Structure formats: C-alpha cells, structure tokens
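Following: one structure in structure tokens, then a few remarks.
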Protein chains: 2
Amino acid sequence: MTESEGNGTRHNYDQESILAIAVDVFNRHGYEATSMGMLAEALGITKSAIYHHVPSKEYLLQLALDRALGRLEAILDDPLASTGPAIDKLRYVLRSATSVLTDDVSFITLLLRVRGNSEMERSALERRRAFNRTISELVDQAQADGAIRPDLDSRTTARLLFGMIGSVVDWYRPDGPVSAEKVADDVVAVAFGGVQVR
Amino acid sequence: MTESEGNGTRHNYDQESILAIAVDVFNRHGYEATSMGMLAEALGITKSAIYHHVPSKEYLLQLALDRALGRLEAILDDPLASTGPAIDKLRYVLRSATSVLTDDVSFITLLLRVRGNSEMERSALERRRAFNRTISELVDQAQADGAIRPDLDSRTTARLLFGMIGSVVDWYRPDGPVSAEKVADDVVAVAFGGVQVR
DNA sequence: GTCTATATGTTGATAGAC
DNA sequence: GTCTATCAACATATAGAC
C-alpha cells in the first residue's frame with residue numbers, strides 16, 4: 001500500500017498494518033490524546049472500519065507494548081547475556097538493547113512513554129521494571145568484580161545508561177544520516193569509556 | 001495549603017499555585033490528554049474557577065515552557081559557559097543542566113515531552129534546538145582540541161549526553177534516596193570517563 | 001472491508017449568580 | 001474566587017446496509 005491517497009483508493013488493511021500506523025500516531029500525540037477519529041484520518045478510512053479489525057483503542061496499545069517488551073526480554077534469553085564476566089554481559093545487553101531500539105523505534109518509543117494511567121499500562125511498567133532490575137544487578141556484579149568504578153552509585157548508573165539508550169528514540173530514524181551500527185558503537189563507547197581522551 | 005480535602009476547604013489559588021499543579025497533571029497524562037475537568041479535580045475546584053485565573057489550557061503550557069526554557073538558556077549566559085577550553089565549558093554546561101533539571105523536575109519534564117503538535121509547541125522546540133546546537137558546537141570544538149575521542153560522531157555524542165541527562169526526569173525525585181549533587185556527579189563522571197575501570 | 005447513522009458521555013470555554 | 005448552567009464539538013463504540 002504505497003499508492004498515494006485518493007478518492008478511489010482501496011486500503012485492504014489488516015491488524016498488522018493498522019497497528020503500524022496507529023503506533024506512529026500514538027507516538028506523535030500520546031496514546032491518551034489520540035482519538036479513533038485521528039487514527040481513522042491517518043488510515044484514510046472511517047472510525048467504524050477500524051472496529052472491524054480491532055475491538056478497541058486499548059487493544060492496539062496492548063499489541064504494541066507486548067511486542068516491544070517481548071523484543072527487549074528476548075535479549076536476556078541469549079546465552080551471551082548470562083555467560084562470562086558481568087561487565088561483558090552488560091556490554092552485550094547495552095548493545096543489543098540499542099539494536100532492538102533502532103530496529104523497532106516506534107514500538108520502543110511507545111513503551112518508553114507509558115506512564116501507568118491504566119491497569120494495562122501499569123502491567124507493562126511492571127515488566128519494564130523487571131528488565132531494569134536485571135540490568136541493575138549486572139551493574140552491581142560488575143562493580144563487585146572491580147570492573148566498574150567504585151565511586152558510582154550502581155542504581156543511578158544503570159538508570160543513566162538505559163536513559164541514554166532510550167533517548168535515542170527522540171532523534172534516530174532508520175533513513176537518517178547515522179547508521180544503527182554507528183549508534184550502537186557510540187552508545188557502548190560513551191557508556192564504557194566516556195567521551196574524554198586520557 | 002496542606003490541609004486535606006474536605007467540603008469546606010478554601011483554596012485561594014493564584015496563577016502560580018495553579019500552574020504548579022497543572023504541570024504535574026500534564027506530566028502524568030500528557031498535555032493534550034489532560035482535560036480542564038481533570039485539572040479542576042486535581043485542584044479541588046470547578047472548571048469555571050480555573051478560567052478566573054488563566055485564559056486557557058494552552059496559556060498554562062506557555063507559562064511552563066517559558067520557565068523551563070528560560071532556566072536552561074540562563075546556563076549559557078554564565079561566563080563559565082563561554083570562557084576557557086571547550087571541554088571545560090562542556091563539563092560546566094552538563095553539570096548545570098543536570099542541576100536545573102533536579103531543581104525544576106516537573107517543568108523540565110514537560111519541556112522534554114513536547115512533540116510539536118501546535119504552533120506554541122513548535123516554537124518551544126525551536127528554542128530547545130537552539131540550545132542543543134550550542135552544545136553540539138561545544139562537543140565539536142572539544143573534539144577539534146583533541147580533548148574528546150576522535151572516533152565518536154560529535155552530533156551523536158551531544159545527543160547521547162543530553163539524552164542521558166534528560167532521562168533523569170523519569171526517576172529523580174527531590175525527596176528520593178539520591179541527592180541532586182550525587183546525580184550531577186555521576187552524570188559528569190559517566191559522561192566524561194565512562195563506567196569502566198582502566 | 002468499508003460505509004452511514006446513531007447512542008451516550010466528555011470536551012474547552014462562556015454567562016452570570018453569589 | 002468560586003459556583004451552576006449551558007453550548008457546540010468531539011469522544012468511544014455499536015448496528016446494520018452494501
């Protein structure tokens with residue numbers, strides 16, 4: 001469906017293609033502020049037509065958050081995330097999270113903007129917190145191993161590192177001037193070595 | 001006004017106290033998704049009463065964004081931001097921005113969530129971009145001076161550093177376990193030296 | 001797979017009493 | 001400084017025709 005809009009355009013949407021566009025609109029206006037009318041306009045069909053594909057606005061959010069969380073949680077299932085020195089595991093998880101983010105910018109963006117204003121949002125936040133806890137423990141271990149500077153607060157450090165990665169959604173675009181690989185390289189370089197020459 | 005809600009509570013709000021509460025509700029639900037009804041409920045008065053103090057919902061956003069941007073821009077007016085080696089100026093700006101953020105979490109949070117969905121939001125975004133450009137130039141200079149690693153992309157680096165700082169709004173609370181000073185220390189430490197022991 | 005028509009509630013903002 | 005009452009526009013969602 002890349003043909004431009006016109007009166008006689010047939011859309012033939014399915015759940016997947018509706019979801020992709022919905023997530024973009026959610027990201028532009030915020031999930032709560034997005035109306036089915038805005039979605040309908042972005043899709044070029046009527047509100048009622050959307051209800052043929054999905055039962056509710058919240059169901060679209062559910063699908064999107066499940067996908068984003070699934071991708072992140074899959075990182076921790078990789079053997080590289082649970083084998084070897086903590087500092088190496090941390091490097092692997094940092095790089096993988098950055099790649100997942102650049103691979104699925106819009107889904108991860110939506111996840112990072114959830115504030116917990118419904119039961120569904122709160123359960124997504126809980127899964128996000130579980131992920132963050134794993135990272136915190138990795139930082140803790142690496143610090144106990146003497147691989148991370150002892151002057152840093154481990155909880156603050158874990159948050160700063162993942163905050164840095166998360167901020168990438170605010171500017172990274174797949175068709176932009178900086179490749180996904182270069183982003184991941186720079187994230188790991190800054191996180192581990194800092195910007196300053198020694 | 002710390003007395004708990006009750007039927008006979010007198011509020012005696014003024015623009016300032018309404019703004020503080022409004023910004024919190026904007027941050028919880030997003031500006032667009034926040035209704036005057038929600039604001040009224042949070043304030044414990046009716047919608048109409050709000051209009052006695054402010055002419056519109058958007059005016060509250062204007063006040064909040066102006067304040068947040070003013071605080072950030074003031075950093076660049078300090079002599080320390082324009083004197084000496086670029087790397088020292090950069091360190092000063094990074095630390096100051098972190099302090100401004102911890103001092104005014106809710107106002108800065110609101111600013112960082114603006115997406116450009118109205119003329120007003122777009123002009124706030126433009127001021128934010130002007131600030132970011134100054135930082136980018138600082139990173140560029142420091143790299144030209146040989147003080148910042150040459151393998152890093154300067155634009156990406158500037159974004160990652162300020163992304164890391166901005167992410168602090170997602171967890172920092174003035175009454176939390178980590179002091180504003182410790183946050184600023186750790187931000188500068190990670191940004192300049194990285195987490196890893198050499 | 002999409003439409004029109006409709007139901008029921010909420011939106012931002014105003015008028016005017018106290 | 002706050003209230004009640006009101007407005008036109010818009011919210012989510014459904015029913016049923018094509």
Side-chain angles (χ1 to χ4, degrees), chain A residues 1-23 25-26 28-65 110 117-121, chain B residues 1-26 28-65 110 114 117-121:
Chain A
M1 258 312 143
T2 50
E3 51 182 316
S4 64
E5 284 307 300
N7 285 342
T9 308
R10 295 293 156 76
H11 287 285
N12 274 54
Y13 284 117
D14 59 5
Q15 218 175 62
E16 195 54 32
S17 49
I18 286 190
L19 180 62
I21 294 181
V23 169
V25 185
F26 289 164
R28 207 150 45 239
H29 292 273
Y31 167 74
E32 292 183 74
T34 301
S35 71
M36 294 303 271
M38 292 162 69
L39 245 44
E41 201 189 339
L43 289 160
I45 58 179
T46 60
K47 285 193 286 177
S48 323
I50 301 176
Y51 286 98
H52 178 76
H53 302 282
V54 291
S56 69
K57 188 176 118 173
E58 196 172 34
Y59 179 79
L60 284 166
L61 182 64
Q62 176 90 264
L63 286 179
L65 296 181
L110 189 63
N117 293 317
S118 69
E119 211 39 71
M120 243 209 40
E121 292 196 0
Chain B
M1 259 310 143
T2 49
E3 52 179 318
S4 65
E5 283 307 302
N7 286 343
T9 309
R10 293 293 155 77
H11 288 286
N12 275 52
Y13 284 118
D14 61 3
Q15 218 174 62
E16 195 54 30
S17 49
I18 286 190
L19 180 62
I21 294 180
V23 169
D24 278 348
V25 185
F26 289 164
R28 207 150 47 238
H29 292 274
Y31 167 75
E32 291 184 73
T34 301
S35 72
M36 294 303 273
M38 293 163 68
L39 245 45
E41 201 188 340
L43 290 160
I45 58 179
T46 59
K47 285 195 287 175
S48 325
I50 301 176
Y51 285 98
H52 178 77
H53 302 282
V54 291
S56 69
K57 187 177 119 174
E58 196 173 35
Y59 178 80
L60 285 166
L61 182 64
Q62 177 91 263
L63 286 178
L65 296 181
L110 189 63
V114 161
N117 293 318
S118 68
E119 212 38 71
M120 244 208 40
E121 292 195 1

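The chains referred to below are lettered A, B, ... by the order of the sequence lines, with proteins before strands, and numbering in each begins at 1. Treat the numbers as computed from the prediction; the structure is a model and nothing was measured.
When the C1' atom of D/dC3 is taken as reference, atom NE2 of B/His52 falls 12 Å away, rounded to whole Å. Atom CD1 in B/Ile50 sits about 10 Å away from atom P in C/dA13, given to the nearest Å. If you take NE2 of B/His29 and C1' of C/dT11, they are 15 Å apart, rounded to a whole angstrom. The separation between B/Leu39 atom CG and C/dT10 atom P is 17 Å, rounded to whole Å. Distance, B/Asn12 CG to D/dG1 C1': 7 Å, rounded to whole Å.
For the residue pair A/Gln15/A/His53, the side-chain donor-acceptor check at 3.5 Å is not satisfied.
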What pairs of donor and acceptor atoms, side-chain ones from residues 36-50 of chain B against any protein atom, are under 3.5 angstrom apart with sequence neighbours left out?
none

With sugar-phosphate taken as primed atoms, P, OP1 and OP2 and all else as base, the protein-contact string of nucleotides 9-15 of chain D at under 4.0 Å (heavy atoms; B, S, -) is --SBBBB

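Within the 4.5 Å cutoff, the side chain of A/Phe26 has heavy atoms near those of the A/Leu60 side chain.
A cation-pi arrangement, defined by a distance under 6.0 Å to the six-membered ring centre and an angle within 45 degrees of its axis, is absent between A/Lys57 and A/Tyr51.
A/Ser17 contributes no side-chain N or O that, together with a main-chain N or O of A/Tyr13, makes up a donor-acceptor pair within less than 3.5 Å.
Between A/Ser35 atom OG and A/His29 atom NE2 the span is 9.0 Å, to the nearest 0.5 Å.
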